[in-house]
Amino acid sequence: MSGAVPSDFGGAFKGRHVLVTGHTGFKGGWISHWLMQLGARVSGIALAPEPGPNLCDATKLTGDMDSRLIDIRDREALLSCAGDIDADLVIHMAAQPFVRRSYAEPAATIATNVSGTAHVLDLARNMPSLKAVVVVTSDKCYENNEWGWGYRENDPMGGSDPYSASKGATELIAQSYRRSFFHAENGPQLATVRAGNVFGGGDWGEDRLIPDIVRAVAAGDPVQIRNPHSIRPWQHVLEPLSGYLALAAKLLTDGAPYSEGWNFGPDVSDTVDVRTLAGLMQHSWGPGGPQFEFGNPAVNLHEAGILRLDSTKAQTRLGWRPQLDLARAVLMTVDWYRAHLAVENMKDFTLSQIAHYGDLMDKRNHNNAPVAAQ
């Protein structure tokens, strides 16, 4: 079994040039801040942030990095406008991330998530300094049989909705590029990563539970919960990102043995239904917090009822494990949004939460028990 992951990831990113696609998004913004805190020089390729409040603008992210607004669906524009980027590591996060939007825009979702990935990989394989690529997909890449146990990395890809199918297809595209262009033992390596329902401060995405709660609280409205019994592997954004970084560090230092697919899900105790998570959010917020109305879906679209990940591989081979129990993860999220409502310096607040998480990694990674909320 691998040892625990240190908070500096063994210094693997210090002085490295890292390209993050999708840096203007939620997860992309958090990992970009984290990489810069670790001493990396970060470039970014993405669309402009979604209209309205967003993490990128709230934390003034693009002022600290080489940020380029490019649509990855346009291969020629991507190669022309980003062809001068020569990174040691590419972390590909740019995607159309919304299940329900994929029903309204199926072809655009597939173009971004599948063809866009191929275009980014074409860009990456032309980089002379490249050592590793991490392609971020989703737990929804698996063919969902509504099993009660977690999906493992060798389970079949699938997807009943356009979003899920696009993520399964992205995995197949990444695998084909790995076998065709990233197979040399001493050459650049490619891995894919899959996480569950991620939340945290700075997410205002559509049709996501916690952003919906935050918007409703700000407006003084009750929160409409359409599928209270859906079970999801909930986790704070820093949990899977720590796994992505642990894997990337191994790809940079040890290479080929880690060029595979990897799951980064929460402990079984944090795989709960929507009603339970809503209750934790209400408890953490306290007075003036959210009120809920539970009902049936307004639109009859397919959404998975049970979806769990088995992260044994990451735990045994990388030494990665979750640091937060669900109550602490929710409390950190509520703290972020409260700070934002209070017009605090959100870059400093975000970096302080990353630093706090790093402290937990160093103090708790030898202990299987996550840190409970106080």
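Side-chain atoms are counted along with the backbone in the values below, which use heavy atoms only and exclude waters and symmetry mates.
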request  = List the steps and the verdict of side-chain contact (heavy atoms from CB on, under 4.5 Å) for D270 and W234.
outcome  = CA-CA 6 Å; D270 292 336; W234 307 101; 5.6 Å; no

query = Side chain of D155, backbone of R152: donor and acceptor closer than 3.5 Å?
reply = yes

Donor on one side chain, acceptor on other, W262 and T192, under 3.5 Å = no

inquiry  = Distance check, rounded to the nearest 0.5 Å: R68 atom CZ versus T24 atom OG1?
reply    = 15.0 Å

note = Heavy atoms of P188 and L130 approach each other most closely as CG-O, 3.3 Å

query = Is R73 paired with D71 through a side-chain N to carboxylate O contact shorter than 4.0 Å?
reply = yes

task = Look at the side chain of T333 and the backbone N and O of A329, then say whether any donor-acceptor pair between them is shorter than 3.5 Å.
result = yes

ask   = Quick one: are L78 and V120 in side-chain contact, heavy atoms under 4.5 Å?
value = yes

task = With rounding to the nearest 0.5 Å, note down the distance linking CD in Q323 to OG in S242.
result = 6.5 Å

query = Taking all non-hydrogen atoms of both residues, which atom of P162 and which atom of T109 are closest, and how far apart?
reply = O-CG2, 4.5 Å

task = Indicate the atoms forming the closest heavy-atom contact of E153 with N263, along with that distance.
result = OE2-N, 2.8 Å

message = If the threshold is 4.0 Å, N to carboxylate O, is there a salt bridge linking K313 and E260?
response = yes

key: Minimum heavy-atom distance between L241 and V237, given as atom pair plus value   = CG-O, 3.1 Å

request  = Using the rule that two of Ile, Leu, Val, Met, Phe, Trp, Tyr join whenever any of their side-chain heavy atoms come within less than 4.5 Å, decide whether I91 and M127 are in one cluster.
outcome  = no

message = Can you tell me if H283 has over 12 outside heavy atoms packed within less than 6.0 Å of its NE2?
response = no

request  = Say whether Y258 and F13 are linked into one hydrophobic cluster, either directly or through other cluster members, by side-chain heavy-atom distances under 4.5 angstrom.
outcome  = yes

ask   = Is there a path of hydrophobic side-chain contacts, each under 4.5 Å between heavy atoms of I, L, V, M, F, W or Y residues, that connects V214 with L326?
value = yes

Side chains of K167 and Y142 in contact at under 4.5 Å (non-hydrogen atoms) = no

message = When you measure from the side chain of T137 to the backbone of E171, do you find a donor-acceptor pair of N or O atoms at a distance under 3.5 Å?
response = no

Within-4.5 Å side-chain heavy-atom neighbours: P240 and Q235 = yes

Any donor-acceptor pair under 3.5 Å from H23 side chain to I45 backbone = yes

key: Verdict with supporting geometry, N197 and D139, side-chain contact (heavy atoms from CB on, under 4.5 Å)   = CA-CA 8 Å; N197 283 44; D139 62 341; 4.3 Å; yes

remark   = L121 and F182 have their tightest heavy-atom pair at O-CZ, 4.4 Å

key: N144/K140 under side-chain contact (heavy atoms from CB on, under 4.5 Å): CA gap, chis, key distance, verdict   = CA-CA 8 Å; N144 188 5; K140 296 175 183 65; over 6 Å; no

message = Is the shortest side-chain heavy-atom distance between I31 and V20 below 4.5 Å?
response = yes

task = Decide yes or no for K27 and V136: does some side-chain heavy atom of the first lie under 4.5 Å from some side-chain heavy atom of the second?
result = yes

task = Before accepting this row, confirm whether a basic side-chain N of the pair D64/K347 lies closer than 4.0 Å to the acidic partner's carboxylate O.
result = yes

ask   = In terms of hydrophobic clusters joined by side-chain contacts under 4.5 Å, are L47 and I72 together?
value = no

message = Tell me whether R125 is salt-bridged to D122, with the criterion being a basic N under 4.0 Å from an acidic carboxylate O.
response = yes

inquiry  = Please determine whether a side-chain nitrogen of the Lys or Arg among D310 and R308 lies less than 4.0 Å from a carboxylate oxygen of the Asp or Glu.
reply    = no

request  = List the steps and the verdict of side-chain contact (heavy atoms from CB on, under 4.5 Å) for E293 and V223.
outcome  = CA-CA 6 Å; E293 293 180 358; V223 186; over 6 Å; no

note = Heavy atoms of L309 and G196 approach each other most closely as CD1-N, 3.9 Å

inquiry  = Tell me if a side-chain donor or acceptor on Q189 pairs with a main-chain N or O of A184 at a distance below 3.5 Å.
reply    = yes

key: Check: D273 side chain, T276 main-chain N or O, donor-acceptor pair, under 3.5 Å   = yes

ask   = Do we see a donor-acceptor contact under 3.5 Å between the side chains of Y151 and N145?
value = no

message = Looking at C56, is its backbone amide N or carbonyl O close enough to the side chain of N54 to form a donor-acceptor pair, meaning the two atoms are under 3.5 Å apart?
response = yes

query = Is the Y177 ring parallel, tilted or perpendicular to the F181 ring (thresholds 30°, 60°)?
reply = tilted

message = Please identify which of these residues, F199, Y337, F98, meets the ring pair (Phe, Tyr, Trp, His ring centres under 6.0 Å) condition with W204.
response = Y337

query = Does R338 pair with E344 as a salt bridge, N-O distance under 4.0 Å?
reply = no

key: Pairing of E206 and R215 as salt bridge, 4.0 angstrom limit   = no

key: E50 and R101 ion-paired at < 4.0 Å   = yes

H33 and T59, any side-chain heavy atoms less than 4.5 Å apart = yes

ask   = Does L35 reach the side chain of L245, with side-chain heavy atoms less than 4.5 Å apart?
value = yes

ask   = If only atom types and distance count, is the side chain of S102 paired as donor or acceptor with the main-chain N or O of Y163 below 3.5 Å?
value = yes

message = Would you say that more than 12 heavy atoms from the other residues, nucleotides or ligands in this model lie under 6.0 Å from the CG of N186, or not?
response = no

query = Quick one: ring pair (Phe, Tyr, Trp, His ring centres under 6.0 Å) partners of H17, sequence neighbours excluded?
reply = none

message = Same cluster or not: Y103 versus I110, using hydrophobic residues (I, L, V, M, F, W, Y) connected whenever any side-chain heavy atoms lie under 4.5 Å apart?
response = no

ask   = Taking the side chain from W320 and the backbone from A4, do they hold a donor-acceptor pair closer than 3.5 Å?
value = no

request  = Apply the test side-chain hydrogen bond (donor to acceptor under 3.5 Å, both in side chains) to residues W336 and T350: give CA-CA distance (whole Å), side-chain angles for both, the deciding distance (0.1 Å), then the verdict.
outcome  = CA-CA 8 Å; W336 195 100; T350 299; 3.0 Å; yes

message = Students often mix this up, so state it plainly: with edges at 30° and 60°, are the rings of Y244 and F264 parallel, tilted or perpendicular?
response = perpendicular

query = Is K131 salt-bridged to D88, going by a charged N under 4.0 Å from an acidic O?
reply = yes

key: From F292 atom CZ to Q224 atom CD, the distance as rounded to the nearest 0.5 Å   = 11.0 Å

Approximate separation, where rounding is to 0.5 Å, of H340 NE2 and D335 CG = 14.5 Å

message = To the nearest 0.5 Å, what is the distance between CD on E185 and OG on S259?
response = 10.0 Å

inquiry  = Is any side-chain heavy atom of H119 closer than 4.5 Å to one of T21?
reply    = no

key: Side-chain donor-acceptor contact under 3.5 Å, D362 with S7   = yes

ask   = Between Q96 and A108, is there a donor-acceptor pair closer than 3.5 Å when you use the side chain of the first and the backbone of the second?
value = no

request  = Working to the nearest 0.5 Å, report the span between CG of L209 and OG of S230.
outcome  = 10.5 Å

